[in-house]
Amino acid sequence: MLGYIATQWLTVAARYRFETKRNQLELDALHKKIEILNRQAQAAPESAWNGYRKFTVSKKVEECADTYSFYLTPHNGRPLPPFKPGQYLTFELHPPNAGKPLVRCYSLSDGALSDGHYRVTIKRALPPTNEPGIPPGIVSSYFSDHVKEGDILNVKAPSGRFYLDIETDRPVVLISGGIGITPMLAIARQLTHIKDKREIYFFFGCRNSADHMFRDEVIALQKSNPNMRLHICYSRPLDKDVLGETYHHEGRVTNDLMKEILPSSNYEYYLCGPGPFMDTLVNGLYEWGVPKKDVKFEAFGPATVKSGPQEPKPQSETANQATIPIEFARSGKTVLWDSSMENLLEFAEKNGITTIEGGCRAGSCGSCLVAIKQGNVEYVLEPGAAPEEGTCLSCICRPAGKMVIDA
Ligand SMILES: Cc1cc2nc3c(=O)[nH]c(=O)nc-3n(C[C@H](O)[C@H](O)[C@H](O)COP(=O)(O)OP(=O)(O)OC[C@H]3O[C@@H](n4cnc5c(N)ncnc54)[C@H](O)[C@@H]3O)c2cc1C
C-alpha cells in the first residue's frame, strides 16, 4: 500500500514539474512576443532615422562561394530600432569606377532581436548565363571584394512591405531559392526566437552543397523549433551530397513537391528567389486555389510576377492605353507606352534607358525618383513617403497621359 501511494505521489510530482516547466516555457514565449511588439511600438519614431546613418562593418563572414554576411553596428553606438522580419536596408555605395553613388537594397538576414547589430547577406550577381562576357554586378562585387571589417557605410532605416506579421497565428510556408533565403531566415529566426507555435514549412532550393548558404544555421533553427519542417532541394547535387542526409529532394522546389508535402493549401506563403522561380511557383499557388492575399513575395531584381503582394490600385483608362507617347528627354528617346508594363521604371528599363536607378522597387527607398518635365502619373502602390512636387517614384507609378521625363 505504502509503495502504491509513493508511486502515485511520484507520478503527481513528475506531472506537476512537467506542467510547471511547460507553463514557464509558454510564459517565456509570450514575454518574448510582447517584448518584440513593445520594441516595435516604442522604437518607431525615436530610434528609426531619416536619410542615411553611418554603420561600421563589425564582422564579415563568408557563407558560401561569392556570398558574404556583413554585421553592421551603428557608428554612433546608439540603439537600433527592431525591424519586421522580411524587411531590408538601403545602402548608398561609392564603388570607385561607378562614376556616381549607387543605391541598393539588401534584406536583413538575422532575427529582429539581435541586439546591437543588423546583418545583411550579399551574393555577387553573376552575369546572365547566355552573356558570360558581361561584368558581374557592380555593388555586390564591391561588397564581396572591397568592403571589409572597420569600413563605414551609409545605410537607410529598415523598410519594406514584405514581412511576416507576428501578431497573427497563421501557419506559414517559406519558399526560397539561392540568395532569396535572406528574408526567410529572418522570419524563421524570429518565429523560433519567440517560440511561436505556428507550423512552419521551410523549402529552400540551390544547386548543391557548394551553393548551400546558412546550412548549419537553418539546421540548428530546425532543431530548436519543433514546429519547423525543413525541405532542402538540390538541382545538381555533387557526388559528395547524400540524398536524405545533406539534402531532402533532388530537383528544384516545385508546386508538385509542395502538394506532396503540405497537408493542405491553407497556409500563408512567403516567396523569394530568382524571377523564373517566382513566376512558376506563385502562379502555381494561384492555380492550386491559394487566395492572392495569402501569397506574399519579394523580387530581388526587376519583378516578373505580375500584381505583387499589395493589391494594385485600380488604374484609369489612360494608364491602360498603348498610344501615350513617353519622352525620355535626357536620353533623346520617345516611346509609346506599353500597357502591359507594371510601372514607368520597368518600361524605361525595357527600352534601354539607364539613367533611372532601380532600388527597392516598392516605392520605399527613393532611388528611382525622377523629375517630370511634363504630364502626370498615377500610383499603382502607395508611396512610402510622398515624393516632392514635380517628381515621381518611377517604380510604382504609371503615366496618366502623355509625359516628358528627365531621364
Ligand atoms: C528588396 C530587395 C532586397 C534584396 N535583398 C538582397 C539580399 O538579401 N542579398 C542579395 O545578394 N541581393 C539582394 N537584393 C538585390 C540587390 O539589391 C542588388 O540588386 C544586387 O546585389 C545586384 O546589384 P549589383 O549592383 O551587384 O548589380 P548590377 O550592377 O545592378 O547588375 C545586375 C545584373 O545585371 C548584369 N549586367 C550588367 N551589365 C549588363 C548588361 N549590359 N546587360 C545585361 N546584364 C548586365 C550583371 O552581371 C548582374 O547580374 C535585393 C533587392 C531588393 C529590391
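This one's a predicted model, so the numbers in the text were calculated from it and none came from an experiment. Heads up: numbering here begins at 1 and tracks the sequence.
Using a 4.5 Å cut-off on side-chain heavy atoms (C-beta onward), Thr90 and Ser367 make no contact. Side chains of Pro85 and Phe162 form no contact here, defined as non-hydrogen atoms less than 4.5 Å apart. Counting only heavy atoms from C-beta outward, the side chains of Arg198 and Leu164 approach each other to under 4.5 Å. At a threshold of 4.5 Å between non-hydrogen side-chain atoms, the residues Glu268 and Lys296 count as touching. Taking 4.5 Å as the limit, some side-chain heavy atom of Tyr88 sits within range of a side-chain heavy atom of Glu298. The shortest distance between side-chain heavy atoms of Phe297 and Ile175 does not fall below 4.5 Å. Taking 4.5 Å as the limit, some side-chain heavy atom of Val290 sits within range of a side-chain heavy atom of Tyr269. The shortest side-chain heavy-atom distance between His94 and Leu102 does not fall under the 4.5 Å cut-off.
The backbone N or O of Thr121 sits nowhere less than 3.5 Å from a side-chain atom of Thr182 that would complete a donor-acceptor pair. Side-chain N or O atoms of Gln190 include none that pairs as donor or acceptor with a backbone N or O of Ala186 at under 3.5 Å. Ser140 places a side-chain N or O within 3.5 Å of a backbone atom of Ala125 that can act as its donor or acceptor partner. Judged purely by atom type and a 3.5 angstrom limit, Thr67 uses its side chain to pair as donor or acceptor with the backbone of Ala65. Here the side chain of Asn351 pairs a donor or acceptor atom with the backbone of Phe347 at under 3.5 angstrom. With hydrogens and angles ignored, the 3.5 Å screen pairs no side-chain donor or acceptor of Asp211 with any backbone N or O of Asn208. Arg207 contributes no side-chain N or O that, together with a main-chain N or O of Arg236, makes up a donor-acceptor pair within less than 3.5 Å. With hydrogens and angles ignored, the 3.5 Å screen pairs no side-chain donor or acceptor of Ser331 with any backbone N or O of Lys333. Judged by distance alone, the side chain of Asn376 and the main-chain N or O of Ala400 form no donor-acceptor pair under 3.5 Å.
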Using side-chain hydrogen bond (donor to acceptor under 3.5 Å, both in side chains), reason through Ser264 and Asn266 one step at a time and then give a plain yes or no.
CA-CA 5 Å; Ser264 79; Asn266 188 15; 5.1 Å; no
Candidate pair Leu257 and Cys233, rule side-chain contact (heavy atoms from CB on, under 4.5 Å), full reasoning:
CA-CA 10 Å; Leu257 179 66; Cys233 302; 3.5 Å; yes
Does Lys59 form a side-chain contact (heavy atoms from CB on, under 4.5 Å) with Thr73? I'd like the steps, not just the answer.
CA-CA 9 Å; Lys59 196 159 71 157; Thr73 45; over 6 Å; no
Between Leu336 and Ile326, is the side-chain contact (heavy atoms from CB on, under 4.5 Å) condition met? List the steps.
CA-CA 6 Å; Leu336 287 185; Ile326 308 295; over 6 Å; no
So Ile181 and Lys123, side-chain contact (heavy atoms from CB on, under 4.5 Å) or not? Walk me through it.
CA-CA 11 Å; Ile181 193 173; Lys123 183 174 175 63; over 6 Å; no
Kindly determine whether Arg124 and Asp145 satisfy salt bridge (Lys or Arg N to Asp or Glu O under 4.0 Å), including the steps that lead there.
CA-CA 9 Å; Arg124 190 194 303 270; Asp145 302 335; 2.8 Å; yes
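Other residues, nucleotides and ligands place more than 12 heavy atoms under 6.0 Å from the CZ atom of Arg215. For NZ of Lys259, the number of neighbouring non-hydrogen atoms (other residues, nucleotides, ligands) closer than 6.0 Å is greater than 12. The local environment of CG in Asn130 is crowded, with over 12 non-hydrogen atoms from other residues, nucleotides or ligands closer than 6.0 Å. Heavy atoms of other residues, nucleotides or ligands lying less than 6.0 angstrom from CG of Asn50 number 12 at most.
Taking the charged nitrogens against the carboxylate oxygens, Arg189 and Glu217 do have a contact shorter than 4.0 Å, which makes a salt bridge. Using a cut-off of 4.0 Å between Lys/Arg side-chain N and Asp/Glu carboxylate O, Glu349 and Arg361 are scored as salt-bridged. In summary, Asp294 and Arg170 engage in a salt bridge, as defined by a charged side-chain N under 4.0 Å from a carboxylate O. Ionic pairing of Asp406 and Arg330 is present here: one or more N-O contacts between side-chain nitrogen and carboxylate oxygen are shorter than 4.0 angstrom.
Side-chain N/O atoms of Tyr234 and His248 include no donor and acceptor closer than 3.5 Å. Counted by atom type alone, Lys54 and Asn154 present one or more donor-acceptor pairs between their side chains at under 3.5 Å. In the model, Asp256 has no side-chain atom that pairs as donor or acceptor with a side-chain atom of Thr254 under 3.5 Å. Side-chain polar atoms of Asp110 and His117 form a donor-acceptor pair below 3.5 angstrom.
Aromatic rings of Phe143 and Phe70 (six-membered ring for Trp) have centroids within the 6.0 Å cut-off, being under it. For Phe203 and His249, the ring centers sit 6.0 Å or farther from each other. Taking the centre of each ring, Trp49 and Phe55 come in below the 6.0 Å mark.
For the pair Lys156 and Tyr52, the cation-pi criterion (under 6.0 Å, within 45° of the ring axis) is fulfilled. Within the cation-pi definition used here (under 6.0 Å to the ring centroid, within 45° of the axis), Lys60 does not qualify as a partner of Tyr71.
To the nearest 0.5 Å, the span separating CD on Gln222 from CE on Met228 amounts to 5.5 Å. Summarising the geometry, atom CG belonging to Leu262 is positioned 10.0 Å from atom CG belonging to Asn255; distances are rounded to the nearest 0.5 Å. One finds the CD1 atom of Ile200 at 11.5 Å from the OH atom of Tyr270 (value rounded to the nearest 0.5 Å). Interatomic distance, OH of Tyr247 versus OG of Ser209, reported as 9.5 Å (0.5 Å rounding).
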Show every donor-acceptor pair shorter than 3.5 Å between a side-chain atom in residues 352-359 and any protein atom, with sequence neighbours excluded, or say none if there are none.
from, atom 1, to, atom 2, distance (Å)
Glu357, OE1, Arg104, NH1, 3.1
Glu357, OE2, Lys100, NZ, 3.2

Under 3.5 Å, which donor-acceptor pairs link side chains of residues 386-396 to any protein atom two or more places apart or in another chain?
from, atom 1, to, atom 2, distance (Å)
Thr391, OG1, Glu388, N, 3.4
Thr391, OG1, Glu388, O, 2.5
Ser394, OG, Cys368, O, 2.9

